[in-house]
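Per chain, numbering begins at 1; letters A, B, ... match sequence-line order.
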Amino acid sequence: MNVNEITAGLNDEQKEAVLQTEGPVLILAGAGSGKTRVLVHRISYLVNVLDVMPSQILAITFTNKAADEMRNRVDNMIGFGASQIWVMTFHSCCVRILRRHAELLGYDRYFTIYDTDDSLQIMKEIFRRKNVDTKRIKERAVLHAISSAKNEHVSPAQFARMNSHDYWGGLVSDFYEEYQKQLKENNAMDFDDLLVNAVELFDKHPDVLELYQERFLYMMVDEYQDTNTVQFEFVSRLAARHRNLCVVGDDDQSIYKFRGANIRNILNFEQIFPDAKVVRLEQNYRSTSNILDAANEVIRNNRGRKSKKLWTEKGSGEKVRFRRFQTGFDEAEYVAAEIGRMVRSGERNYKDFAVLYRTNAQSRLFEEKCLFLNIPYKLVGGVNFYARREIKDILAYLKTIDNAVDSLASMRIVNIPKRGIGQTTVNKISAYAQDAGMSFYDAAKEAEQIPGLSKATAKKVGTFTGFIEELRNEALHQTVSELVRTVVIDSGYKDALEAEDTDEARERMQNIDELISKAVQYETNADHPTLSGFLEEVALIADIDTVDDGDDRVLLMTLHSAKGLEFPIVYMAGMEEGLFPSSMSLNAEDSDEQIEEERRLCYVGITRAKELLTLTCAYERMTRGQIEPHSVSRFVREIARDKLDQGRKAPAKSTIDNLKGGFGKDMRDAIQTKAFAPKPPSKMFTNPYTSSNSNSRTDAHTKTGPRIYDGTSTKQTGSTNEMLGYEVGDSVIHKKFGVGTVKAIREGGRDFEVTVDFPAWGVKKMFAAFAKLEKVEE
DNA sequence: CACAGGTCTCTTTTT
DNA sequence: GAGACCTGTG
């Protein structure tokens, strides 16, 4: 490949960014300006034209998904040798380096990586030991303070020097030190430590730093606006020698301040590197001009930006739509129904759509409506797969096998499944371990010597440690996936779950099966699969990384998760003051700054859309179980009225009225479901775009179209239909099991026990209030 | 020691 | 509304 081939199809600025390989380079890449493309072509140019060895190139991204995508495109473009290029996230890059040199920092190479939940457990233990009243001081607040310190690369000692003058500062210094001590004893690092320790390694061992400085002739950092101070230090130390550092970012898309991102890294790049070349990519290849205009109108309300004006050659496209609904239910219903309609009409696939919102809590409404309308979706974020209890349990076994020093892991599983080892026993072992300066697991191995433990108890503990020792032997000649299977079966975990015989237990078992497939996947992909390697990959995975672009489904996710992605059709939901921008930002002391960050988030959201963008909001929304009125987000108002397609105004109808009338809570719940369910057209909030019900009624494609709630049925008395909205013989939909037929309804106390036959799951008995079944028309 | 039932707290965003 | 934590009982 020659230069012309590599730069073919690039615009002048993109070409410049590709060819400007020497020295510091700042690429200010507006949304949708083709920055990934530039980076990929730049790497190709380095390798194919300048004959740089692939192993001398380091490209850093924030998410695994971004790294994978870049890796694939690089592979396709340069082929042989591409795998030698380090395309990694900050965290995985640091881990890779730290594994190799962990001993120099007093860790061993099998160190474990703690997630936020693990950190919280450690902090809780410290609170207990120090007898701190958790009502007055929150563990999470302390952890947050520690994390901020780490992001600024402030050590416990430095922190103490700077902050010990007041009570809070003194307390945090104290806990910071203790927390670090605890982690080190467990041979564990948290997310922030990975960066901090990598930088520490470089600072304390110049020879190691030199090794990597020599190696990486060319470095590229993506999403530079979201780097924090340690990340900056990491990068700048590595690049100090050859100074071929190319950073790509957009200050308008800086949305991770809460995580320590330091926007000055990008704003001051030219001060830090006075000889930096600056390239601006301002042509947008993603969105129509209407969408781009809306984005520009919103973001221009921020101050202190790098001057930048995105433009496009694309046509104007459709106007940005704005729709306001009575409730969040109506909003979700509208969105889901419209998606369903557009897919059924054949103009779109499900994967063309994304629904973006500010908070994860909003996802439930959309999930429910999608299920209801049989729309395939993938929910990104929320509870991470790897944070689920059963997964953490199994991983704790693996961690104990791999790194017996990780006391958090061994304490977690010593009585899982139940072995008759209670809290008292755990405390005694733990105290013994503390005194002897050993790990929990090592102390457990000496159970019979621990004072206060009965013979019988010591024997139970011995069974546990014996089992772990067996597993260690197995680990020597079993693959990771085999080992997971062995753990699940031999520990009795599987039997315990099966004995429970509940839906929840079955779901947990399914998750474990999924973990096994992930292990298999890891074994096939990794060059040298190891247990540590698997644990590491699993620890650093983000939910967005699991999105497969090939699947045909709607994506539901937060605005934060959507960064870096694009979709033909985007819905931004919950455009309301107090939700977006969040009330937190409105009430904060540095409110102005925080609102600017929210505005950048809004900008990110708008610029995800290629063809059609719909902003939605609700008059009233249920928060904390309470319905509260909401006004339209300032961000919507910042877009000139004539640029918005506002649909047709509809009369407001308060759902609160529907709830009045002295019902008990159960009754109210039952009614509430109905009140929010699709209503007959005559009663409905009518907007030309929400009339999905009348459409789907005649739509032959819909096998399980939306239920048309018959308002007259409330006039009947005493029937289950009135109470539940369905009766024996009806088809109902369940959140998890899908559509099934009601076989029986039995009144039991305050609730109904409903028997439903689900074709895919068999016959289930469930309580109506809990199962939230909804009738579907056949 | 295990479990059930009640109480309290918290919801911004995440590698 | 959901999850963690506490408390009392078997």
Side-chain angles (χ1 to χ4, degrees), chain A residues 60-67 88-95 113-117 119-121 124 127-128 134-135 138-141 144 147 150-151 189-195 223 226-228 230-231 254-261 356-365 380-384 386-387 389 415-427 454 456-457 460 536 539-545 557-563 574 578-588 594 597-598 600-602 604-605 622-627 665 669 672 769-770 772:
Chain A
I60 299 180
T61 63
F62 270 83
T63 64
N64 293 294
K65 186 173 194 297
M88 295 186 164
T89 66
F90 268 108
H91 291 88
S92 55
C93 180
C94 289
V95 173
I113 300 166
Y114 278 180
D115 64 18
T116 22
D117 186 59
S119 299
L120 188 64
Q121 298 309 318
K124 281 186 177 157
F127 268 58
R128 268 192 291 275
T134 52
K135 292 229 167 61
K138 297 270 163 287
E139 294 96 332
R140 314 188 72 178
H144 186 256
S147 175
K150 288 182 179 178
N151 287 330
M189 300 186 194
D190 65 18
F191 289 133
D192 303 319
D193 284 336
L194 298 176
L195 265 305
E223 306 283 11
D226 285 325
T227 51
N228 61 35
V230 228
Q231 286 164 336
S254 168
I255 56 172
Y256 281 108
K257 188 173 180 203
F258 71 93
R259 211 167 70 186
L356 311 181
Y357 36 78
R358 181 64 180 77
T359 66
N360 280 309
Q362 288 167 260
S363 67
R364 244 197 53 222
L365 294 173
V380 179
V383 189
N384 192 319
Y386 293 100
R389 197 210 304 165
N415 195 33
I416 291 179
K418 307 238 176 312
R419 296 185 178 88
I421 302 169
Q423 197 54 49
T424 344
T425 310
V426 171
N427 289 345
S454 71
T457 314
K460 290 179 198 162
E536 171 184 318
L540 295 177
I541 217 138
D543 209 35
I544 188 73
D545 302 333
M557 63 186 143
T558 61
L559 289 151
H560 281 88
S561 297
K563 196 180 67 161
L579 185 59
F580 188 35
S582 75
S583 52
M584 293 284 233
S585 66
L586 296 175
N587 301 330
Q594 293 208 18
E597 174 129 330
E598 299 272 315
R600 289 193 291 270
L601 188 57
C602 184
V604 167
M622 182 110 72
T623 3
R624 258 179 290 163
Q626 292 240 297
I627 298 176
K665 186 183 178 304
D669 281 350
Q672 206 164 1
F770 178 72
K772 302 212 180 81

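Taking atom CD1 of residue Ile416(A) and atom C1' of nucleotide dC1(B), one finds them 15 Å apart after rounding to whole Å. The CG-C1' distance, from Leu194(A) to dT14(B), rounds to 14 Å in whole Å. Here dT14(B) presents its C1' atom at 12 Å from CD of Glu597(A), a figure rounded to the nearest Å. If you take CD of Gln362(A) and C1' of dT13(B), they are 11 Å apart, rounded to a whole angstrom. As a whole-Å value, the separation of Lys65(A) NZ from dT15(B) P is 13 Å. For Phe127(A) and dA4(C), the CZ to P distance is 18 Å, given to the nearest whole Å.
Note on Lys124(A): a side-chain N or O is less than 4.0 Å away from OP1 or OP2 of dC5(C). Checking the phosphate oxygens (OP1, OP2) of dT14(B), no side-chain nitrogen or oxygen of Thr116(A) falls inside 4.0 Å. The phosphate of dT15(B) (OP1 or OP2) has no side-chain N or O of Asn64(A) nearer than 4.0 angstrom. The side chain of Arg140(A) contributes an N or O atom lying less than 4.0 Å from OP1 or OP2 of dT11(B).
Under the 3.5 Å distance criterion, the side-chain polar atoms of Asn415(A) are matched with a main-chain donor or acceptor of Gly420(A). Counting only distance, with no hydrogens or angles, the side chain of His560(A) and the backbone of Ile255(A) share a donor-acceptor pair below 3.5 Å. In this structure a side-chain-to-backbone donor-acceptor pair under 3.5 Å is missing from Asp226(A) to Ser254(A).
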Atom pairs under 3.5 Å: protein N/O with N/O of nucleotides 4-9 of chain B:
none

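For Phe258(A) and dT13(B), the ring-to-base geometry satisfies the stacking test (centroid distance below 5.5 Å, interplanar angle below 30°).
A gap of 22 Å separates the C1' atoms of dT11(B) and dC6(C), to the nearest Å.
Nucleotides of DNA chain B nearest to Thr63(A) and Gly420(A) differ in position, and the one nearer the 5' end is that of Gly420(A).
Backbone-only contact: Ser561(A) has heavy atoms under 4.0 Å from sugar-phosphate atoms and none from a base.
The nucleotide whose nearest atom lies closest to any side-chain atom of Ala542(A) is, among dT15(B), dA2(B), dT13(B), dT15(B).
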